[in-house]
*Asks:* 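Next up is a structure, given as structure tokens.
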Amino acid sequence: QVQLVESGGGLVQAGGSLRLSCAASGRTVASTHMSWFRQAPGKEREFVTALSWTGVYTYAESVKGRFTISRDSAKNTVYLQMNGLKPEDTAVYYCAASETWRTIVAGTPHYWGQGTQVTVSS
């Protein structure tokens, strides 16, 4: 069973930066498609970014150029570096993993973390 634990959320001013971490157990991040999603109050969960086990990166247009996904295989951890944060980035951020890329694209990864709150003040 795959378990994902996010950390690193918090309150930051607009223009600031945060780095979220997602520690994985039960499967190696190097052999799993890893992703981040977010859900803002009153809105549906949306895709943020993903990194395939083959090294393919993909980003939502709204975060492209500001957010970066990466992985540390030695720590079995995936990161989301968020720069230039905007109030509209405020959301609960979820780490997600899947054995198939198709489920990442469909927004239905097999495994989810519990989420971490990111709040960006104006």
Side-chain angles (χ1 to χ4, degrees):
Q1 184 70 14
V2 177
Q3 290 189 324
L4 305 170
V5 179
E6 302 101 330
S7 61
L11 174 64
V12 64
Q13 288 188 333
S17 298
L18 278 176
R19 189 178 78 158
L20 306 183
S21 299
C22 172
S25 60
R27 192 175 177 94
T28 61
V29 297
S31 62
T32 308
H33 304 303
M34 301 299 299
S35 59
W36 289 92
F37 288 75
R38 68 185 181 186
Q39 186 167 20
K43 295 187 177 181
E44 293 188 354
R45 188 176 296 180
E46 65 174 2
F47 170 81
V48 176
T49 180
L51 173 59
S52 77
W53 69 269
T54 59
V56 175
Y57 297 81
T58 183
Y59 294 92
E61 285 298 322
S62 60
V63 305
K64 199 171 290 185
R66 299 188 298 123
F67 290 12
T68 303
I69 186 172
S70 62
R71 64 183 169 216
D72 185 330
S73 297
K75 296 182 178 180
N76 211 35
T77 297
V78 171
Y79 302 99
L80 179 63
Q81 178 67 43
M82 305 185 293
N83 299 327
L85 283 161
K86 305 175 181 180
E88 51 264 44
D89 294 319
T90 295
V92 177
Y93 283 71
Y94 297 90
C95 177
S98 190
E99 286 98 1
T100 62
W101 190 249
R102 176 180 69 254
T103 57
I104 298 286
V105 174
T108 57
H110 296 132
Y111 310 104
W112 293 88
Q114 82 288 352
T116 185
Q117 177 71 46
V118 171
T119 303
V120 184
S121 62
S122 58

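It should be emphasised that the depicted structure is a prediction, and the values quoted were computed from it without experimental measurement.
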*Asks:* Consider only side-chain heavy atoms of I, L, V, M, F, W and Y, link residues closer than 4.5 Å, and tell whether Tyr57 and Trp36 are in one cluster.
*Replies:*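 Hydrophobic grouping puts Tyr57 with Trp36.
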*Asks:* So, the side chain of Thr90 versus the backbone of Val120: is there a donor-acceptor pair under 3.5 Å, distance only?
*Replies:*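 Flag set: sc Thr90 to bb Val120 pair under 3.5 Å.
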*Asks:* In the single-linkage hydrophobic clustering (I, L, V, M, F, W, Y; side-chain heavy atoms under 4.5 Å), do Phe47 and Val118 co-cluster?
*Replies:*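 Per the 4.5 Å side-chain linkage, Phe47 and Val118 are not co-clustered.
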*Asks:* Is Asp89 close to Met82 at the side-chain level, that is, under 4.5 Å between some pair of heavy atoms?
*Replies:*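 No, side chains not in contact.
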*Asks:* Of all residues at least two apart in sequence or in a different chain, which pass the salt bridge (charged side-chain N to carboxylate O under 4.0 Å, His left out) check with Arg27?
*Replies:*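 Arg27 satisfies salt bridge (charged side-chain N to carboxylate O under 4.0 Å, His left out) with Glu99 once adjacent residues are dropped.
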*Asks:* Nearest heavy-atom pair of Met34 and Ala97: which atoms, and what distance?
*Replies:*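 Scanning both residues completely, I find the closest heavy atoms to be SD-CB, 3.6 Å.
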*Asks:* Compare all side-chain heavy atoms of Ser35 with those of Pro109 and state whether any distance is below 4.5 angstrom.
*Replies:*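 Counting from C-beta outward, Ser35 and Pro109 do come under 4.5 Å.
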*Asks:* Going by heavy atoms in the side chains, are Val78 and Ile69 under 4.5 Å from each other?
*Replies:*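 Yes, at least one pair of side-chain atoms sits under 4.5 Å.
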*Asks:* Please answer whether the main-chain N or O of Val29 pairs with a side-chain N or O of Thr32 as donor and acceptor at a distance below 3.5 Å.
*Replies:*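 No, Thr32 side chain to Val29 backbone: no donor-acceptor pair under 3.5 Å.
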*Asks:* Scan for salt bridge (charged side-chain N to carboxylate O under 4.0 Å, His left out) pairs involving residues 103-118, sequence neighbours excluded, and state none if there are none.
*Replies:*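 Sorted pair list comes back empty.
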*Asks:* Just jot down the side chain to side chain donor-acceptor pair (under 3.5 Å) partners of Glu46, sequence neighbours excluded, or say none.
*Replies:*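 For Glu46, the residues satisfying side chain to side chain donor-acceptor pair (under 3.5 Å) (neighbours in sequence not counted) are Arg38.
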*Asks:* Tell me every residue that passes side chain to side chain donor-acceptor pair (under 3.5 Å) with Ser52, counting only those two or more places apart in sequence or in another chain.
*Replies:*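 Only Thr54 meet the side chain to side chain donor-acceptor pair (under 3.5 Å) criterion with Ser52.
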*Asks:* Would you say the side chain of Val48 lies within less than 4.5 Å of the side chain of Tyr59, judging by non-hydrogen atoms?
*Replies:*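 Not in contact.
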*Asks:* Among pairs that include at least one residue of residues 75-84, which meet side chain to side chain donor-acceptor pair (under 3.5 Å), considering only residues two or more places apart or in two chains?
*Replies:*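 Listed once each, the pairs are Ser17-Asn83, Gln81-Asn83.
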*Asks:* Leu20 and Leu51: same hydrophobic cluster, using ILVMFWY side-chain contacts below 4.5 Å?
*Replies:*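 As far as the 4.5 Å side-chain criterion goes, Leu51 and Leu20 are connected within one cluster.
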*Asks:* Considering only residues two or more places apart or on different chains, which pairs with a residue in residues 111-122 satisfy salt bridge (charged side-chain N to carboxylate O under 4.0 Å, His left out)?
*Replies:*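 Residue pairs passing salt bridge (charged side-chain N to carboxylate O under 4.0 Å, His left out), neighbours aside: none found.
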*Asks:* Considering only residues two or more places apart or on different chains, which pairs with a residue in residues 8-18 satisfy salt bridge (charged side-chain N to carboxylate O under 4.0 Å, His left out)?
*Replies:*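 Output for this query is empty, none listed.
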*Asks:* Okay, side chain of Glu6, backbone of Gln114: is any donor-acceptor separation there less than 3.5 Å?
*Replies:*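 Pair found, side chain donor or acceptor close to backbone of Gln114.
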*Asks:* Tell me, please, which residues at least two apart from Ala30 pass side-chain contact (heavy atoms from CB on, under 4.5 Å).
*Replies:*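 With sequence neighbours excluded, Ala30 shows a side-chain contact (heavy atoms from CB on, under 4.5 Å) to Ser73, given in chain and number order.
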*Asks:* With rounding to the nearest 0.5 Å, note down the distance linking CD in Gln3 to SG in Cys22.
*Replies:*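 Reported value, rounded in 0.5 Å steps: 11.5 Å.
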*Asks:* Test of understanding: with side chain to side chain donor-acceptor pair (under 3.5 Å), list the residues that count as partners of Ser7, not counting sequence neighbours.
*Replies:*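 Ser7 satisfies side chain to side chain donor-acceptor pair (under 3.5 Å) with no residue once adjacent residues are dropped.
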*Asks:* With ring pair (Phe, Tyr, Trp, His ring centres under 6.0 Å) as the rule and sequence neighbours excluded, what pairs involving residues 101-122 come up?
*Replies:*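 Checked against ring pair (Phe, Tyr, Trp, His ring centres under 6.0 Å) - neighbours excluded - the pairs reaching residues 101-122 are His33-Trp101, Phe37-Trp112.
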*Asks:* Do Val2 and Leu4 make a side-chain contact, defined as non-hydrogen atoms from C-beta onward lying under 4.5 Å apart?
*Replies:*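 Result yes, sub-4.5 Å side-chain heavy-atom pair found.
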*Asks:* For residues Val12 and Val63: do they belong to one hydrophobic cluster (side chain heavy atoms under 4.5 Å, members Ile, Leu, Val, Met, Phe, Trp, Tyr)?
*Replies:*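 Shared cluster, yes.
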*Asks:* Mind checking salt bridge (charged side-chain N to carboxylate O under 4.0 Å, His left out) for Lys64 and listing every partner two or more places apart, or none if nothing turns up?
*Replies:*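 By the salt bridge (charged side-chain N to carboxylate O under 4.0 Å, His left out) rule, Lys64 matches Glu61.
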*Asks:* Is there side-chain contact between Thr116 and Tyr94, with at least one heavy-atom pair below 4.5 Å?
*Replies:*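 No. Closest side-chain heavy atoms not under 4.5 Å.
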*Asks:* Apply side chain to side chain contact (heavy atoms under 4.5 Å, CB included) to Leu18 and Leu85, showing your working.
*Replies:* CA-CA 8 Å; Leu18 278 176; Leu85 283 161; 4.2 Å; yes
*Asks:* Going by the rule side chain to side chain donor-acceptor pair (under 3.5 Å), which residues pair with Thr49 if we only count those two or more places apart in sequence or in a different chain?
*Replies:*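 Listed in chain order: nothing, the list is empty.
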